[in-house]
Amino acid sequence: MVKVRADTDVCVFSGMCVLNVPEVFDQRDDGMVEVLAEEPPEGLAERVRLAVLGCPSGALSVEED
Ligand code: SF4
């Protein structure tokens, strides 16, 4: 099980996470990241990890249980 966190003080609105895993990430009207599923299904875990690595600002993190 992974738990997703997004630091809204750090997000630079690139939208990369939304492109990579739209099931888990969205952007508000102002561009700020929004986590749709804080505990995504196991089948999405690898893509979520890649989205964390691909976030240009380091705003995303995952906790692994
Ligand atoms: S990839 Fe990172 S910087 Fe870009 S919208 Fe998502 S959280 Fe924000």
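Numbers here are sequence positions counted from 1. Counting starts at 1 for both ligands and their atoms, following the listed order.
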Counting each atom of ligand 1 from 1 as listed, which ones have a heavy atom of Leu60 under 4.0 Å away?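 Every atom of ligand 1 under 4.0 Å from some heavy atom of Leu60: 7 (S).
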
Hey, which atoms in ligand 1 end up nearer than 4.0 Å to a heavy atom of Val33?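 Near Val33, meaning under 4.0 Å from one of its heavy atoms, ligand 1 has 7 (S).
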
How far is [atom] from its nearest protein heavy atom, and which residue and atom name does that atom have?
| atom | result |
| --- | --- |
| atom 5 (S) of ligand 1 | Gly15 N, 3.2 Å |
| atom 8 (Fe) of ligand 1 | Cys11 SG, 2.3 Å |
| atom 2 (Fe) of ligand 1 | Cys55 SG, 2.2 Å |

Spell out, yes or no, whether [X] and [Y] are grouped together once hydrophobic residues are joined by side-chain heavy atoms under 4.5 Å, including indirect joins.
| X | Y | value |
| --- | --- | --- |
| Val12 | Met32 | no |
| Leu19 | Leu50 | no |
| Met16 | Leu36 | no |
| Leu44 | Val33 | yes |

Ligand 1 contact by Ser57, heavy-atom criterion under 4.0 angstrom: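 Yes; Ser57 lies near enough to ligand 1 that a heavy-atom distance drops under 4.0 Å.
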
Glu38 CD to Arg5 CZ distance, which is reported to the nearest 0.5 Å: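 That separation rounds to 6.5 Å.
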
Backbone, side chain, both or neither: what part of Val10 comes under 4.0 angstrom of ligand 1, heavy atoms only?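 None of Val10 does.
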
Test Val52 against every option in Asn20, Val21, Leu60, Val4 by the side-chain contact (heavy atoms from CB on, under 4.5 Å) rule and name the one that passes.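 Exactly one candidate clears the test, Leu60.
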
Quick test of your reading of the structure: of Gly31, Ala59, Cys17, Ser14, whose heavy atom lies closest to atom 4 (Fe) of ligand 1?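 That would be Ser14.
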
